[in-house]
Number of protein chains: 2
Amino acid sequence: MEVLSVTTAVLEYLRDRIISGELKAGQRLSEAELATSLEVSRGPIREAFRVLEKEQLVVSFPRRGTFVSEVSVEDFLDLYQAREMLECYAIELLKESEKRELSEVEGALDKTVDLPFPPPGDTEAKLKYLRAFSNFHFKLVEAAGNKRVTKFYRDISNHLLRYQFMYAYIPGLTKNSQKDHTQILNLIKAGEYDKAKEFLRVHIRSFVKLMKSWMFGPRENQG
Amino acid sequence: MEVLSVTTAVLEYLRDRIISGELKAGQRLSEAELATSLEVSRGPIREAFRVLEKEQLVVSFPRRGTFVSEVSVEDFLDLYQAREMLECYAIELLKESEKRELSEVEGALDKTVDLPFPPPGDTEAKLKYLRAFSNFHFKLVEAAGNKRVTKFYRDISNHLLRYQFMYAYIPGLTKNSQKDHTQILNLIKAGEYDKAKEFLRVHIRSFVKLMKSWMFGPRENQG
DNA sequence: ATCGAAAATATTGTTTACAATTAACAATAA
DNA sequence: TTATTGTTAATTGTAAACAATATTTTCGAT
């Protein structure tokens, strides 16, 4: 637990635990408990809380405590609407830019081909697995070249991962995503930006539709 | 200095000092110095730093210190690109939504009519003045109803204010903005969404063009 | 048995103190 | 004079102690 700063280590640890669902929505995060558990003092915990609060992964109430943020269909839809907007705009910018640099996007896509589906129980591996797919979208936004938007998208990405971890952790789905991603990148490389945008929009919206039915219906994909 | 929590008070104080330019880009922010100056301990200062760091108003280097973030033309252009995207998308969403609620936008606009130009030297008044105009755009984005995007826009807004404070604090300019804002709202209310979007785009881009020339050229509008 | 009030407990907010690291400075050698 | 290295001072990172508030428990009255 001594990489860079204790605060950073605590931050990344907590972030991953929330995204993976080990720390559940609404759950109280006790400063003292975490401090003893992680063998650090409360200072770094509190500093990490302030960052997570800004990321909206936790919510703090003065003198009441800090809690893992709630999930909801409304929030989920907000996230995906934001995602659609950002990614479509990214493609729009790629269209206008003279020298588009897609090697990072291509690299992210490559890392998802034939990626083995992690065994149940290995949370860390699951996280890495889902992050690999998520990374394609991130690199796409990053390629647009707007640093502000990129940073925002990273936070959005973490929340998306959280919902995916809850509802969309299924082999077939990621396999399908991989195919779609390849198609999107090919269209962009071929200069078919509008087609790429439309395909991406469909890719996102069909996923949302699927997830929505799961969120409303019985919860059998949470483990 | 005892409103809610000390951390919050410190946070808001520092944020305003950075936006107003009293704390200059690149300037080091000493924890001990601020602590004695504000008559608090270093704990809340550090917590506020973590939030400001996430807002990109400061940059922290481990064991080196915390510094007011730099400004640049590139960053400025990123911000305005993000702004254009978000606000245009907001109008797009208003177009699609059945019951658009524009009373907040209208309220924000009303507060800018005949707003007296603050006397030089009164930084707090200057901030309030510029925020009033900025608020129109914020309420417009908020009206779109996406909470995630709204929170992101608030951070963007603060940075925009910072650049405006540096380069665009001029009576005629805000007067002109007020006229444009009225026009935009009228077009939206009339259901002319595409026209509103195009007008907004021009409003933003002409402002960027003006600012860019000032940022590259001699700096005579900084006081 | 239930409701309410008061004490006890637990938790957060803040301060103070200590440890570790970095930056500044002076002394020495090239 | 310049570069380099060792020492000192300053600053950040972390931990521990204290204060204030919220929650829980306990006890009594209805």
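Letters A, B, ... mirror the listed sequences (proteins, then strands); counts begin at 1.
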Considering just the side-chain nitrogens and oxygens of A:T7, establish if one lies under 4.0 Å of OP1 or OP2 belonging to D:dT14.
yes
Tell me which nucleotide among C:dG13, D:dT14, C:dT14 gets nearest to the side chain of A:R63.
C:dG13
With sugar-phosphate meaning primed atoms plus P, OP1 and OP2, does A:S30 contact a base, only sugar-phosphate, or nothing at under 4.0 Å between heavy atoms?
sugar-phosphate
Protein-nucleotide distance (B:R46, atom CZ; C:dG13, atom P), rounded to Å
17 Å
Please identify which of these residues, B:R162, B:H159, B:E53, meets the side chain to side chain donor-acceptor pair (under 3.5 Å) condition with B:S69.
B:R162
From D:dT14, D:dT12, C:dT14, pick the nucleotide closest to the side chain of A:S41?
D:dT14
With a 4.0 Å cut-off on heavy atoms, is A:L29 in touch with a base, just the backbone sugar-phosphate, or nothing at all?
sugar-phosphate
Check every strand shown and say whether A:G43 touches a base, only sugar-phosphate, or nothing at a heavy-atom separation below 4.0 Å.
nothing
What's the CZ-P distance between B:F61 and C:dA20, to the nearest Å?
25 Å
Candidates C:dT14, D:dT14, D:dA15 - which lies nearest the side chain of B:R42:
D:dT14
Between B:E47 (CD) and C:dG13 (P), how many Å, whole number?
8 Å
Would you mind telling me which of C:dG13, C:dA23, C:dT15 lies closest to the side-chain atoms of B:R64?
C:dA23
Report the residue (A:G65 or B:E39) whose heavy-atom-nearest nucleotide on DNA chain C is the more 5′ of the two.
A:G65
Identify whether the distance between the nearest side-chain nitrogen and carboxylate oxygen of A:D155 and B:K151 falls below 4.0 Å.
no
Please confirm whether the shortest side-chain N or O distance from B:R28 to OP1 or OP2 of D:dT12 is below 4.0 Å.
yes
Can you measure A:E31 atom CD to D:dT21 atom P for me and round it to whole angstrom units?
16 Å
If the threshold is 4.0 Å, N to carboxylate O, is there a salt bridge linking A:K128 and A:E124?
no
Less than 4.5 Å apart, any side-chain heavy atom of A:Y163 and any of A:D75?
yes
Distance check needed: D:dT14 P versus B:I45 CD1, whole Å only.
18 Å
Does this structure show an ion pair linking A:E47 with A:R50, if we count only N-O contacts that are shorter than 4.0 Å?
no
